[in-house]
J.: 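Here's a structure for you.
FYI, side chains are in, hydrogens and waters are out, and symmetry mates aren't considered; it's all heavy atoms of this structure. No experiment lies behind these values; they were computed from the predicted model shown.
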Amino acid sequence: MRHIFKYIFFASLTGSTISLLPVLIYPAKRTESTETSFTKFKSLPTFKMQDLSFCFWVKVNHLVGAKVINYELNDTKGFGITLQEKYGFVNLKVVDLLFDYNTPHIPDKWRHYCVVYDSAVEGVTVYIDGKVTFEKIGVTALAGSEFHDDLLEHVSVGKGGGSFSQQLNGEFSQLMVWGRAIGNEELESVWGCDVVREGLVLDWSTVTMEMGDTVRMVEMEVKCPSQLELETETLVGFGHRLKFAEAQTAC
């Protein structure tokens, strides 16, 4: 069984209106992950995309390899990203690109990742916490290949499966996807959790999500995941507030 949620993130507290940040909670341990430990996006429009930018916040529970963004089809028309202890991998169409971390990759710490692909120069840039950690121009293997027309229908956060499937264990939030190469100033805005609307094809605050039984969602009274250390959240479907650490065992 899966749970489908579509959100408008507003709540009234003391007469004022604030936005709520949705955060996905994945199983804390590999042994708790199942075939349904992933989240998909529904009712997205079909579009033809030449360029691509995507950003997200993630906090992993361990240093074992985690497939954070997964493309489910066995073809060369998608994108994904995997984090391992010493480096990460970006998959774009036919190419896997290894990137280093600009600071040590450690568990239980929120980090912001962005990948920008510009087809005009066949360039790929990876940002971590707003800083470039990988940049390569002229990736000729990308030339001539195209993204899937229904690309985002075949992309998931996390990958279900057994103990060797590189499941995501931790928390995830604020995935944004654009059908263009966003610029450096725009990326700074995104890192600060401001919304860049031009070319936006997946908006975390409005997209319909289909979550597996082992994935939960909480609503945070913050603008940015970087603020979560000091804040509280509401577990969707529960009427009381929980400290973030307590939400791990609330269900």
J.: Strictly distance-based, threshold 3.5 Å: is any side-chain N or O of Q227 a donor or acceptor partner for the main-chain N or O of K223?
T.: yes
J.: To the nearest 0.5 Å, what is the distance between CE on M209 and CG on L24?
T.: 5.5 Å
J.: Any cation-pi pair here, K93 with F147, using under 6.0 Å and within 45°?
T.: yes
J.: When clusters are formed by joining ILVMFWY residues with side-chain heavy atoms under 4.5 Å apart, either directly or through shared neighbours, do V95 and V121 land in the same one?
T.: no
J.: Where is the tightest heavy-atom contact between G160 and F38, given as atom of each residue plus distance?
T.: N-CD2, 3.7 Å
J.: For this output row, return yes or no: ring centroids of F172 and W204 closer than 6.0 angstrom.
T.: yes
J.: Looking at the rings of F54 and F79, which for Trp means the six-membered one, are their centres under 6.0 Å apart?
T.: yes
J.: With no hydrogens and no angle check, do the side chains of D100 and T133 hold a donor and an acceptor under 3.5 Å apart?
T.: no
J.: Taking NZ, NE, NH1 and NH2 as the nitrogens, is one of them in K59 or E171 under 4.0 Å from a carboxylate oxygen of the other?
T.: yes
J.: Under 4.0 Å between a side-chain nitrogen and a carboxylate oxygen: does that hold for R180 and E186?
T.: yes
J.: Could you state the interatomic distance from NZ (K159) to OG1 (T82), rounded to the nearest 0.5 Å?
T.: 8.5 Å
J.: Do V115 and S53 make a side-chain contact, defined as non-hydrogen atoms from C-beta onward lying under 4.5 Å apart?
T.: no
J.: Under a 3.5 Å distance rule, please check whether Y101 uses its side chain to pair with a backbone N or O of Y87 as donor and acceptor.
T.: yes
J.: Using the rule given for side-chain contact (heavy atoms from CB on, under 4.5 Å), can you reason through F89 versus I81, listing the C-alpha separation, both sets of side-chain angles and the distance that settles it, and then say yes or no?
T.: CA-CA 6 Å; F89 285 99; I81 189 167; over 6 Å; no
J.: Any salt bridge linking K40 with E72? Criterion: basic side-chain nitrogen under 4.0 Å from a carboxylate oxygen.
T.: yes
J.: Inspect the surroundings of CG in D194 and state if more than 12 heavy atoms from other residues, nucleotides or ligands are less than 6.0 Å away.
T.: yes
J.: For residues S37 and T214, is any side-chain donor paired with an opposing acceptor at under 3.5 Å?
T.: yes
J.: If you look at every heavy atom in Y127 and V116, which pair is closest and at what distance?
T.: CE1-CG2, 4.0 Å
J.: Distance from E188 atom CD to C114 atom SG, nearest 0.5 Å?
T.: 10.0 Å
J.: Would you kindly say whether H148 and D75 are connected by a side-chain donor-acceptor distance under 3.5 Å?
T.: no
J.: Would you confirm whether S173, through its side chain, and W57, through its main-chain N or O, come within 3.5 Å as a donor-acceptor pair?
T.: no
J.: Which is it for L83 and F99 under the side-chain contact (heavy atoms from CB on, under 4.5 Å) test, yes or no, and what are the steps along the way?
T.: CA-CA 10 Å; L83 303 180; F99 63 89; 4.1 Å; yes
J.: Where do M217 and P22 come nearest, in terms of heavy atoms and distance?
T.: SD-CB, 3.9 Å
J.: Using the rule that Ile, Leu, Val, Met, Phe, Trp and Tyr join whenever any side-chain heavy atoms are under 4.5 Å apart, tell me whether V126 and L97 fall into a single cluster.
T.: yes
J.: For residues T39 and Y26, is any side-chain donor paired with an opposing acceptor at under 3.5 Å?
T.: yes
J.: For residues 45-52, please give each side-chain donor-acceptor pair under 3.5 Å, one per line with the distance, not counting sequence neighbours.
T.:
unit_1, atom_1, unit_2, atom_2, d
T46, OG1, D150, OD1, 2.7
K48, NZ, E146, OE1, 3.1
K48, NZ, D149, OD1, 3.1
D51, OD1, S119, N, 2.8
D51, OD1, S119, OG, 2.5

J.: The test is side-chain contact (heavy atoms from CB on, under 4.5 Å); show your working for L92 and V90 and say whether it passes.
T.: CA-CA 6 Å; L92 288 173; V90 172; 3.9 Å; yes
J.: Applying the 4.5 Å side-chain criterion to the ILVMFWY set and letting contacts propagate, would F41 and V195 be lumped into a single cluster?
T.: yes
J.: Quick check: closest heavy atoms across N61 and G170, and the distance to 0.1 Å?
T.: OD1-CA, 3.3 Å
J.: What heavy-atom pair brings Q174 and P225 nearest, and what distance separates the two atoms?
T.: OE1-CD, 3.8 Å
J.: Over all heavy atoms of both residues, which pair between V222 and L21 is shortest? Give the atoms and the distance, please.
T.: O-CB, 3.5 Å
J.: Any heavy-atom pair between the side chains of C55 and W178 that's under 4.5 Å?
T.: yes
J.: Evaluate the criterion side-chain contact (heavy atoms from CB on, under 4.5 Å) for residue pair N169 and H62; output intermediate values, then yes/no.
T.: CA-CA 7 Å; N169 300 112; H62 51 64; 2.8 Å; yes
J.: Is there a side-chain contact between V157 and L168, using heavy atoms and a 4.5 Å cut-off?
T.: yes
J.: Look at the side-chain heavy atoms of Ile, Leu, Val, Met, Phe, Trp and Tyr, link any pair under 4.5 Å apart, and say whether L175 and L200 land in one connected group.
T.: yes
J.: K42 and side chain to side chain contact (heavy atoms under 4.5 Å, CB included): which partner among L152, T208, V207?
T.: T208
J.: Would you say the side chains of N102 and R111 form a donor-acceptor pair under 3.5 Å?
T.: yes
J.: Assess whether side-chain hydrogen bond (donor to acceptor under 3.5 Å, both in side chains) is satisfied between Y113 and D129, documenting all intermediate values.
T.: CA-CA 6 Å; Y113 292 83; D129 294 336; over 6 Å; no
